[in-house]
Structures are given as C-alpha cells and as structure tokens.
Amino acid sequence: MGSRASTLLREEEIEEIKKETGFSHSQITRLYSRFTSLDKGENGTLSREDFQRIPELAINPLGDRIINAFFPEGEDQVNFRGFMRTLAHFRPIEDNEKNKDPSGTEPLNSRTNKLLFAFRLYDLDRDDKISRDELLQVLRMMVGVNISDEQLGSIADRTIQEADQNGDNSISFNEFIKVLEKVDVEQKMSIRFLH
Amino acid sequence: FRGAKEKNHLIYKPYSNGIIAKEPMSSRDLGAASQEFEMSDIFYFCRRGVESIMDDEVTKRFSAEELESWNLLTRSNYNFQHISLRLTVLWGLGVLVRYGFLLPLRVTLAFTGVGLLVVLTSIVGLLPSGRTKNFLSEKVHLMCYRICVRALTAIITYHNSENKPKNGGICVANHTSPIDVIILASDGCYAMVGQIHGGLMGVIQRAMVKACPHIWFERSEVKDRHLVAKRLSDHVEDKTKLPILIFPEGTCINNTSVMMFKKGSFEIGTTVYPVAIKYDPRFAEAFWNSSKYGMVNYLLRMMSSWAVVCSVWYLPPMRREEGEDAVQFANRVKAAIARQGGLVDLLWDGGLKRAKVKDTFKEEQQKLYSKMLVGGSFLPWGTFYIERGVY
C-alpha cells in the first residue's frame, strides 16, 4: 500500500541479513526505516553527505573516519546490506547466545572484529599497520588545534613505544590486541537496542 | 469526534521513541586511570558516532512522527504494509468520506473564512481609529479565524485561559505548522509578525493591517535585527496594541520536541506569555514538512484528514530575571513549554533542517578532549559530549 512499495524490504532479504549480522527481525526493520530516512536521494544507497547531515556525527572529531568505515575501498555509496554489516560490529556479544552459527565463522561482533573495526579507524592507508604518522593524524583529529606538535609527537612516541614489540616502529593488529587485552572491549564497543 | 477531546492524556506523554539505549559513558572511559591518551580512547568517539548513525536527536524532528498504529491515512503509512482486506476496505471508505464529503465542505468554509477576513477587515479599516474600530476589528478577526477552525475541523482544548496573553506582552509558542496561528488567533487577538508575501497571502496581510496594527516586514528588513527589535519594542510599549505572537524556533518542527529559541524576542524587556501546542497525531499529521510539500498541498492534506485535534496550554507569564541574559531566559521559557506539552527539550537549532552544523561545535569537542589530555583532570560527564539538551 502506498508508493513506498518498491523500497520495502523483502522477507528473503531480511532473513539473509539476519544470518549474516545476527540482528533480529524487528531490529532490521527499525534500522531499515532509519536507512531510508537518511537516504535523501531515495536511491537505495547512502553517500558520505547523507551521513554528514547528522549533526551529532558532524561534530564528532572522528566523524569522517567513522563514516569512512562504512564505505569499502574506493566506493562512494553504501547499500543497506553494507550498512547493516558495518553496524553489526556493535551488537552486544551476549546477544549471540540466541543464534549460534553452526558453521563456526566468526560473528561480526566478536571481540576480535570489534578491535579490528577500531584498528581500521587508526590505520588510514589500510596497510594493516598503524604508523607513527597515522597515529599523529588521528590524534590531531581528536584534539584539534589545542595541543602543540611537539606534545602530540611525544604522546605518539610513548604510545608506539608501549605497544610496539617487534621494533618496526608501528603497531600491527596483534600488537594492538595485546595493548588492549585488559580493556572491556565488549562493553565499550556495543550498542544496546531498546527492543 | 467528541470522544477525541483529550480523553486520554497519555497521548501527551514525553516522546521517547528512540531505538537504542544511550548509556552514559563517564569521562573515565577516556584515558583510563592515567588520564593520558590511551589507544582505547577511540572507542568512546567511535561508539558515540555509531550511536548517532543508528538514532540521533535532531534529524528525526524534521519529518513526521511515526505512529504506533495506523490511522487509516495513507500519508502516515510508512511501515504498514498490506495487512488485511478488511483494513483496505475501511481505508477505501475513509477515502470516500474524506475526499468526497469532508474536503469540499471544508474548502468552501476556508474560502468563506478567508474571503470574509479580507473584506471585513478592509471595511473596518475605513473607520476612524478608536474604541469602536478596535472592538469591531477584534470581532471580525475572531469570527473569521473561527470559520477557518471549522474548515479544518479543529478540535481544540484550551487550558488555563486565565493566563491568556495581554496587551503589551509577547506570546511565544512552539511551531509545528502555519495552522498554529489559526488555532491561537481563534481564541484571542494577537498582532502577527512576519514577512510580507506576494500573492494571496500578501492580500490577506495588507487587509488585516488596515483593521489593527500587525507587524509586517519587507524581505530586506528581516535581516536587520536592530530594526526588527525596535519595531517590536515600539509595539509593546503602546498598551493599546495587541500582544505580539511569535514562534521563536523560526521554523516548523514535528511536534515531538522544542528546538532552540532565537533570542531576539527575549531581549525586549516585556512580559512573555508562553504557550504550548500539542497535536494528536492519530487524527492528522499537523507537521508541515516544507521541504517536501508546498503550502497549498499541505493545507489540502490537512483538510482531507479526519480532524485536527490539539491541546493548547496557556502558561503563566514570565519575565527576564536579574542576572539572566536573553539566551538563558529563552531556554527557561522553552523548558517550561516543553515540560507542559510533553515535548523533548533540545538546544539544537531548528535551522539545522537546512543548514550544516557550525564547526565551532566540533572544535568544542576537541577542546574538551585536549583539556583532559594535558590538564589531567576529570571532567564532569555533562560537559563532555553532546548530550541531549546540552547543544
């Protein structure tokens, strides 16, 4: 009923997304509503501008890095599947008890995948290493103009020194995991639904 | 529709239809115990960012509120697909009634109301200034607005009429639609404020101002804040003139929240009469989404809905207090209106409907984070991130 019939989500698609991401049926339809409300061009995909229109995201110092995480390498549009796949990283881990995947592939919201998401926010050139330069750039995004280059440099140096184990002056994903082993990643990188 | 009249006050509960739980993160989530940079600090920004992607407080205010159950109007049908044949039949009958009977009736009434307004105010305008003219002007305005209220089948419940705005004061209300004016002006007489338009609107405006002093601005004058302030203060000083009606949000919001009040009206040193207007979304979607629909389209949709049911609360008058600046006063008034109408009180600017958020807000965030890094002090939660109601 109504002109939006062509953009309504089909049941098969909902099932596929459920399997891939672990979101429940109602969560998927809620997020689909959200997706369509952000899609001002009404063409079934979101562009970077669509995300930037969210004021709370636009004022987030790392807003651009987060937006980037939704777009695969070299692409400018993200469809609903891609949107959900990225959001799936933020499902609470305890929700997995309900639908254990028998095939054993790691769920998108596992601790490791949450850490990988955060790692990629730092890893600007996607070469699986956080170099000193990349760390400095991200730090600069977080602090703006309020801290001098020297101070920021020493913060970066200290951080790399603490994390770097193989002496290549950059942080690999495994070194990243080690540094954060005591941190409650599950709690900090999970978003709970109200329903 | 008599049963619709405010039977169920639960409609006016605070709108809290978010989809995710936004748990507060303490500033201890940053820098861990050492209050220095930790690689885990990124989780904080990351989670807040993704939360705002899933659900944010601002963008949803600029589109119509989602209903929990369908009200048989296709226009409210975002999430309700074909449910049953019976419902379709009911809907079909509804269409017949609304478009075949209600709409023509209402359009006739609307034309009558507007026509009478133009003609009668022009006639009253011919009279010399004085008590008779004011009296007749009031009667004419009220009568024509009441016809327009019938044209919308607006079922309005007014509360606390003892607080109705008086001469020399400024009435401020939350803004959802152009209909707000008709709703308020059919219960009291106000001096309207606005930009002079061309076309039919301009004809109406020019006629109205003949009968009693309204404040119309040329397009060029609107930008001049001093000129605007001067005209408003001159008006309120003259106690024979009617209270001014202003909508400080500056734009239509979807009636689930009250957004930033522009401080201009609060700088004029006079009594402010706050008014809260809340529409019942089950009978009509009163919000005018001006980026989607033009005015005529909107009015036709209103007139082909079931009815416009709303509540108006006249709140006790407020004055600016010692040591309070215009912005603080504006926020105090806004909070009172939000509380009464069961609306979310936001400090975000309604102008974000069309404009981008200013960079200064992001710079604020960066400054706060930097302070923690080098200052090494725990900042109280409320000052750290954009919480609902802080910006």
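Just so we're on the same page: letters track the sequence lines, and every chain starts at 1. Since this is a predicted model, take the numbers as computed values, not measurements. Note: hydrogens, waters and symmetry copies are ignored here, and every other heavy atom, side chains too, is used.
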With only heavy atoms counted, which part of B:Ile53 is less than 4.5 Å from chain A, the side chain, the backbone, both or neither? both
At a 4.5 Å cut-off on heavy atoms, which part of A:Phe117 comes close to chain B: side chain, backbone, both, or neither? side chain
State whether A:Asp123 and A:Lys129 are salt-bridged, where the test is any N-O pair (Lys NZ or Arg NE/NH1/NH2 against Asp/Glu carboxylate O) under 4.0 Å. no
Electrostatic pair A:Arg111-A:Glu186, nearest N-O below 4.0 angstrom: yes
For the interface with chain B, which of A:Phe176, A:Phe83, A:Phe90, A:Tyr122 has the highest count of heavy-atom pairs at distances below 4.5 Å? A:Tyr122
Side-chain donor-acceptor pair present, A:Asn174, A:Ser172, cut-off under 3.5 Å: no
Ion pair A:Lys19/A:Glu16, N-O distance below 4.0 Å: no
Check the side chains of B:Ser52 and A:Glu56 for a donor-acceptor pair under 3.5 angstrom, ignoring hydrogens and angles. no
If you measure from the Lys or Arg side-chain nitrogens to the Asp or Glu carboxylate oxygens, is any gap between A:Glu175 and A:Lys178 under 4.0 Å? no
Checking heavy atoms, do the side chain of A:Leu139, its backbone, both or neither come under 4.5 Å from chain B? side chain
Side chain, backbone, both or neither: which part of A:Ile66 has a heavy atom under 4.5 Å from chain B? side chain
With a 4.5 angstrom heavy-atom cut-off, is it the side chain or the backbone of A:Arg53 that approaches chain B, or both, or neither? backbone
Residue A:Glu162 versus chain B: region with a heavy atom under 4.5 Å: neither
Could you look at A:Ile54 and say if it's the side chain, the backbone, both or neither that has a heavy atom under 4.5 Å from chain B? both
Please say whether the positively charged group of A:Arg30, taken as NZ for Lys or CZ for Arg, lies over the ring of A:Phe193, i.e. under 6.0 angstrom from the six-membered ring centre and within 45 degrees of the axis. no
Determine the option with the most heavy-atom pairs under 4.5 angstrom with chain A, choosing from B:Met54, B:Glu363, B:Lys367. B:Met54
